[in-house]
Number of protein chains: 4
Amino acid sequence: MPRHRFTNTRDRIETAAVHLFVDKGVADTTVRDIARALEMSEGALYRHFPSKEQLVWQVFERRYIEFAGRLQKLAESESSTRGKLAAMIRGFCRAYDENPRLFRFLLFVQHDQLGKLAQDAPTPVEAVRMVIANGIASGELPAQNPDLATSLVFGVVLQPVQFAAYGRLPADMGSLCDRLVAAAWAAVTTV
Amino acid sequence: MPRHRFTNTRDRIETAAVHLFVDKGVADTTVRDIARALEMSEGALYRHFPSKEQLVWQVFERRYIEFAGRLQKLAESESSTRGKLAAMIRGFCRAYDENPRLFRFLLFVQHDQLGKLAQDAPTPVEAVRMVIANGIASGELPAQNPDLATSLVFGVVLQPVQFAAYGRLPADMGSLCDRLVAAAWAAVTTV
Amino acid sequence: MPRHRFTNTRDRIETAAVHLFVDKGVADTTVRDIARALEMSEGALYRHFPSKEQLVWQVFERRYIEFAGRLQKLAESESSTRGKLAAMIRGFCRAYDENPRLFRFLLFVQHDQLGKLAQDAPTPVEAVRMVIANGIASGELPAQNPDLATSLVFGVVLQPVQFAAYGRLPADMGSLCDRLVAAAWAAVTTV
Amino acid sequence: MPRHRFTNTRDRIETAAVHLFVDKGVADTTVRDIARALEMSEGALYRHFPSKEQLVWQVFERRYIEFAGRLQKLAESESSTRGKLAAMIRGFCRAYDENPRLFRFLLFVQHDQLGKLAQDAPTPVEAVRMVIANGIASGELPAQNPDLATSLVFGVVLQPVQFAAYGRLPADMGSLCDRLVAAAWAAVTTV
DNA sequence: GATGAATGAGAATTCATTCAT
DNA sequence: GATGAATGAATTCTCATTCAT
């Protein structure tokens, strides 16, 4: 039985790559860096992905959509708008705490990768926006620009993540979660 | 007498560079790109800055500290914590509207450049944090972690800027400003 | 299995580089020149040494110290001062005749590279100086400044090498060797 | 009356250039370096010489031939071969002590410049060689290859200069001069 | 499946030289 | 005569990718 059925090489590559991408930036991480981190030859890496660019993209796409799905599920598990938002924010915090490096990777490369997503791909932004738009429609949230409200929720959640990354806040998002829920709710209900 | 008495070459370079850096990212902007944009030889650029790295850094440092000073002044022009925060947020919106590209440049390169700032250099983060810490001390704001509160303010302001950059929100921050003030205040007063 | 099991690439590079360095000077030899001489890409060269500067240095260091060791051994094989000096001078001549280009390379780049040698690295100069200092101590040589005497020996040996390089003397040092021994001995015994 | 009739700009340039060439090497000395050393613009330098290459060459040629002439005169001032050689060696030492930097410059750039000299240009080597050839013809020197003898004289004189340049011998050649005369004579009379 | 040398297309940077003012 | 910005060619070095073994 091949060993790599359990120690999936592809996953090891992704993990090492994400690690380096976050530490040094994507552009400053060379294929050689990744190979060395894995004690593997450069050529061997190309058996697992077609190009560096594709590696970035594939990791991003998979995880980004996976995360969007998770948020979607969490929203569906609650009935009220407030409950849905709270659940999603908790999902953010948990995702960060589970794998801060991956989370930061998604944040950092967004700018370059977002444009490549299929037009109709599920995204965290869409998931949150949908909940907010429905909340406005149902009267649970005051009338307002749903995009602006969505950006406020993201800002309230992601900025603390950035601060944590720079060491200005403790690395543990879970401990801040309740406060973020409260702040986000306050922000979107105060027009 | 210099060739261009009125069109300062250094400024032209900075403007063109920032333009390209925002569009393509710093790493993907070559010195040749900048030279072409200015219809100037690559070599000529090096009369005006010693390296690409230094160009990025010098633009960042000058503008970042300049902006920090502006925020500081705005805070001092008001007496209440709420007034100070409102003035600063308006300062953010105005700065963005005056030169969205420069603002986004500062946002994008922060990550790499922040560490190079002198330890005691004034920063926007410090300016806001000081106002919040004082507000907590004076009782105008509820007791809370001032760093977390600072991050909430930044999140509420900067995330809409990002959305605007992606076209999800109108480019004009001025029109959103009052709402951002209200949201930020709500976020930092809801513990 | 390496592409060339028997034709060590590193050695081929060193040989070609030395060849060019001697012909055109180090500064006027480009990495491209070396690559072309080897029918190899420039990039490929960098697998074998980290920079042009290091290539020069590594070739110099290895050969220079190797040669110093050879001289040292030759000196030890004789008991009298005269015998030691004669053996060393024969070593010079033989080294030149074996690989005139390498010898001239060492001569030419000395000036820039000598300072990089470890303080205690064995050098040809030290080897000769030691023999002379001992000869003075034992009375085999008249009392005199050992550094000056050392320089006389080097002058008597190396200047003919230079003349040979310019074509003013036959390329074969071996044929001049006995005369050089006699001249060097005369120079250091005539105070 | 123009100032530069006395403070000849051309000479100032040559002096500064030689200084830098010896310190850093010709290739590593930029035109900008020279301009800065003279507090003069780069462009202005080009009024005084047509190219960097020509600057090197012109300094070399002028001084080299001038020096050859000096040696020639010194040889003519003596009647015996021994006297002629002694006078010339004293001329070497004096030339070095007068301007060690210039002397070392001539030594260093020889390799590249010698080939550009007119075939019949007077050189120090020719001057010495002529004296030796005549000495052999007249029987004052034993029969021998005059080129080899010439190289011995040069070696005995120039190697101590090199040692002085590296700090292995005192900078003052004059104090070594008598010894060098004796050593050179011993070397060319011992066949 | 793996290796790592080799490729080739740039990238940043330098610098002698020119030239408008 | 002087200035110094500008040019443009060259140089060192990097790196994603390929491929013979």
Side-chain angles (χ1 to χ4, degrees), chain A residues 2-4 9 26-36 38-56, chain B residues 1-5 8-10 13 27-35 38-55, chain C residues 1-5 8-10 13 27-35 38-55, chain D residues 2-4 9 26-36 38-56:
Chain A
R3 171 152 58 99
H4 58 269
T9 303
V26 171
D28 287 343
T29 299
T30 68
V31 173
R32 176 178 284 213
D33 289 333
I34 302 173
R36 265 204 282 254
L38 292 160
E39 298 183 60
M40 177 183 274
S41 74
E42 297 164 65
L45 285 177
Y46 280 85
R47 189 165 294 283
H48 300 278
F49 58 86
S51 74
K52 181 184 165 187
E53 204 180 358
Q54 280 294 302
L55 172 59
V56 175
Chain B
M1 204 183 300
R3 197 113 92 184
H4 307 284
R5 200 208 293 230
N8 190 293
T9 302
R10 172 79 201 200
I13 294 174
D28 287 342
T29 299
T30 68
V31 173
R32 175 176 294 226
D33 290 333
I34 303 173
L38 294 160
E39 297 185 67
M40 179 184 269
S41 72
E42 293 171 60
L45 289 177
Y46 284 86
R47 277 220 166 239
H48 301 279
F49 58 85
S51 72
K52 182 185 163 187
E53 206 180 355
Q54 281 293 303
L55 172 59
Chain C
M1 203 184 300
R3 196 112 90 188
H4 308 282
R5 200 209 291 229
N8 189 293
T9 303
R10 172 80 202 197
I13 294 174
D28 287 342
T29 299
T30 69
V31 174
R32 175 176 295 225
D33 289 333
I34 302 172
L38 293 160
E39 297 184 66
M40 179 184 270
S41 72
E42 293 172 58
L45 288 177
Y46 284 87
R47 279 223 161 233
H48 301 278
F49 58 86
S51 71
K52 182 186 162 186
E53 205 180 354
Q54 280 293 303
L55 172 58
Chain D
R3 174 150 57 101
H4 58 271
T9 302
V26 171
D28 286 343
T29 299
T30 69
V31 173
R32 178 178 282 214
D33 289 333
I34 302 172
R36 264 203 283 257
L38 293 160
E39 298 184 62
M40 178 184 273
S41 74
E42 297 165 64
L45 284 177
Y46 280 85
R47 189 164 293 283
H48 299 279
F49 58 85
S51 75
K52 181 185 165 185
E53 206 181 356
Q54 281 294 303
L55 172 59
V56 176

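In the text below, chain A, chain B and the rest are named by the order of the sequence lines, each starting its count at 1.
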Calculate the interatomic distance between [X] atom [atom1] and [N] atom [atom2]; express it in whole Å.
{"X": "B:Ile34", "N": "E:dA11", "atom1": "CD1", "atom2": "P", "answer": "12 Å"}
{"X": "C:Lys52", "N": "E:dT14", "atom1": "NZ", "atom2": "P", "answer": "15 Å"}
{"X": "C:Leu38", "N": "E:dT7", "atom1": "CG", "atom2": "P", "answer": "10 Å"}
{"X": "B:Asp33", "N": "E:dA12", "atom1": "CG", "atom2": "P", "answer": "8 Å"}
{"X": "A:Arg32", "N": "F:dT17", "atom1": "CZ", "atom2": "P", "answer": "15 Å"}
{"X": "D:Asp28", "N": "F:dT11", "atom1": "CG", "atom2": "P", "answer": "14 Å"}
{"X": "B:Glu39", "N": "F:dT7", "atom1": "CD", "atom2": "P", "answer": "10 Å"}

Nearest nucleotide by nearest heavy atom, which residue falls closer to the 5' end of DNA chain F, B:Met40 or A:Ser51?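 Its nucleotide being nearer the 5' end, the pick is B:Met40.
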Among the nucleotides F:dA16, F:dC13, F:dA2, whichever has the atom closest to the side chain of D:Ser41 is F:dA2
Listed nucleotide nearest any side-chain atom of C:Thr30, set E:dA12, E:dA16, F:dT12: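 When the side chain of C:Thr30 is considered, F:dT12 is the closest of E:dA12, E:dA16, F:dT12.
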Roughly what angle, to 10°, lies between the helix axis at the start of the helix from E:dA2-F:dT21 to E:dT21-F:dA2 and the one at its end, five pairs per end?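 Axis-to-axis angle, ends of the helix: 10°.
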Rounded to the nearest 0.5 Å, how far apart are CD1 of C:Ile13 and CG of C:Leu45? 5.0 Å
Can you check the distance between F:dT21 and E:dG1, where both ends of the measurement are the P atom (answer in whole Å)? 23 Å
Apply salt bridge (Lys or Arg N to Asp or Glu O under 4.0 Å) to B:Arg32 and list each qualifying residue two or more places apart in sequence or on a separate chain. B:Glu42
For a 4.5 angstrom cut-off between non-hydrogen side-chain atoms, does B:Thr9 reach B:Met40? yes
Minimum side-chain heavy-atom gap C:Leu55-C:Val31 below 4.5 Å: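 Counting from C-beta outward, C:Leu55 and C:Val31 never come under 4.5 Å.
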Which parts of residues 43-50 of chain B get close to DNA chain F, meaning a heavy atom less than 4.0 angstrom away?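 B:Gly43, B:Ala44, B:Arg47, B:His48, in order of number.
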Using a cut-off of 4.0 Å on non-hydrogen atoms, how would the nucleic acid contact of D:Glu42 be classed: base, sugar-phosphate, or nothing?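 The answer is base, as D:Glu42 lies within the cut-off (heavy atoms under 4.0 Å) of a base atom.
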Look at atom CD of B:Glu53 and say whether more than 12 heavy atoms of other residues, nucleotides or ligands are closer to it than 6.0 Å.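 No, because the 6.0 Å sphere around CD of B:Glu53 holds 12 heavy atoms or fewer from other groups.
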If you look at every heavy atom in D:Ala27 and C:Ala27, which pair is closest and at what distance?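 Looking at all heavy atoms of both residues, the closest pair is CB-CB, 3.4 Å.
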